[in-house]
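Remember, predicted model here, so these are calculated numbers, not experimental data. Side chains included, hydrogens not; waters and symmetry mates left out as well; all remaining heavy atoms used.
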Amino acid sequence: MFSMLICNYVVAAVFLLLAGGMMYGAAAFPMAMTEQGPGPGFWPFLLGAGLALASVGLFTFSLARREDLAMKQVALTEEANRPVYKAMVLLVLFCAAIVLLGFFPAMVLFVPALMYLLKCRNIKWMVATTAGVLVFVYVVFGWILNTQFPVSIFLA
């Protein structure tokens, strides 16, 4: 068992590192405004900056309430935490599937798998939700924001 204070510090540090990596990676792409809108690095950089801000906020909150948080214990091995760990594994598999299969085939696998993990067993809802997510992502990011989606390493 760990104290909530230690867990908050670890989470803040890990996500601050992740945010730095996101901003560093996004900085390799143009961010300036074009006639189609901001460059491809703009939104990922902004997302990284938001994550960094949230991490600093968690760290500051934890410093301000360190006495209370030091007394609260976190049990990482509780049965209730297992779905969260499974979702984390599913996200890692999704990232690997994007590289191997491409973005849209990976999404076709990921959305129903996540719904199943969240105890949705209705096939019609799973198909409809997957189709809706795919259409939404394609329209917003493909058409409106002119984003290129990752393709399979076998097609690149």
Side-chain angles (χ1 to χ4, degrees), residues 1-26 29 37-38 40-59 61-62 65 68-69 71-156:
M1 298 249 279
F2 299 95
S3 75
M4 181 65 83
L5 181 65
I6 298 298
C7 290
N8 281 2
Y9 286 153
V10 169
V11 167
V14 167
F15 281 99
L16 191 58
L17 287 171
L18 182 62
M22 288 173 64
M23 293 187 315
Y24 178 78
F29 295 95
F42 179 79
W43 294 112
F45 188 87
L46 197 62
L47 186 62
L51 185 58
L53 186 62
S55 298
V56 170
L58 178 61
F59 183 78
F61 170 82
S62 298
R65 305 207 178 184
D68 294 337
L69 294 173
M71 287 191 240
K72 291 184 181 179
Q73 297 297 307
V74 176
L76 298 174
T77 59
E78 290 288 317
E79 178 69 28
N81 294 337
R82 290 206 176 127
V84 175
Y85 301 144
K86 289 177 183 177
M88 289 176 181
V89 169
L90 194 57
L91 281 170
V92 170
L93 292 173
F94 172 61
C95 292
I98 289 174
V99 173
L100 293 173
L101 306 173
F103 181 77
F104 287 107
M107 284 290 285
V108 167
L109 297 173
F110 174 71
V111 173
L114 186 60
M115 290 178 73
Y116 187 85
L117 178 67
L118 296 173
K119 305 222 185 294
C120 175
R121 301 296 190 263
N122 186 322
I123 299 297
K124 290 178 185 176
W125 275 107
M126 293 169 89
V127 170
T129 302
T130 301
V133 168
L134 290 171
V135 168
F136 176 81
V137 168
Y138 184 75
V139 168
V140 171
F141 293 96
W143 283 356
I144 297 172
L145 297 175
N146 294 321
T147 303
Q148 286 188 322
F149 296 100
V151 295
S152 169
I153 59 171
F154 303 114
L155 299 176

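- When all heavy atoms are compared, the tightest approach of A26 to P44 is CB-CB, 3.8 Å.
- Within 6.0 Å of CZ in F141 there are 12 or fewer heavy atoms belonging to other residues, nucleotides or ligands.
- Few gaps surround CZ on F104; more than 12 heavy atoms of other groups in view lie less than 6.0 Å from it.
- With values rounded to the nearest 0.5 angstrom, L117 atom CG is found 9.0 Å from F110 atom CZ.
- No more than 12 heavy atoms of other residues, nucleotides or ligands sit less than 6.0 Å from atom CD of Q148.
- L51 contributes atom CG, which lies 11.5 Å from atom CG of L46 (distance to the nearest 0.5 angstrom).
- F15 contributes atom CZ, which lies 10.0 Å from atom CG of L58 (distance to the nearest 0.5 angstrom).
- Counting only heavy atoms from C-beta outward, the side chains of M22 and F45 never approach each other to under 4.5 Å.
- At least one side-chain heavy atom of L69 sits under 4.5 Å from a side-chain heavy atom of F61.
- For the pair L118 and L114, the minimum side-chain heavy-atom distance is below 4.5 Å.
- Contact annotation: the side chain of Y138 approaches that of F149 to within less than 4.5 Å [non-hydrogen atoms, C-beta and beyond].
- In plain terms, the two heavy atoms of P38 and W43 that are nearest each other are CG-NE1, 3.5 Å.
- Expressed to the nearest 0.5 Å, how far CD of Q73 lies from OG of S3 amounts to 6.0 Å.
- In this structure, V137 and F103 have side chains that are in contact, with non-hydrogen atoms separated by less than 4.5 Å.
- Atom OG of S55 is separated from atom CG of N8 by 11.0 Å, given to the nearest 0.5 angstrom.
- In this structure, CZ on R65 lies 13.0 Å from CE on M71, to the nearest 0.5 angstrom.
- Minimum interatomic distance between A19 and G48 (heavy atoms only, all atoms of both residues): CB-O, 3.2 Å.
- Heavy-atom neighbours of Y85 OH from other residues, nucleotides or ligands within 6.0 Å: above the threshold of 12.
- Taking every heavy atom of both residues into account, L100 and S152 meet most closely at O-OG, 2.5 Å.
- Looking at V108 and L101, their side chains never come closer than 4.5 Å, going by heavy atoms from C-beta outward.
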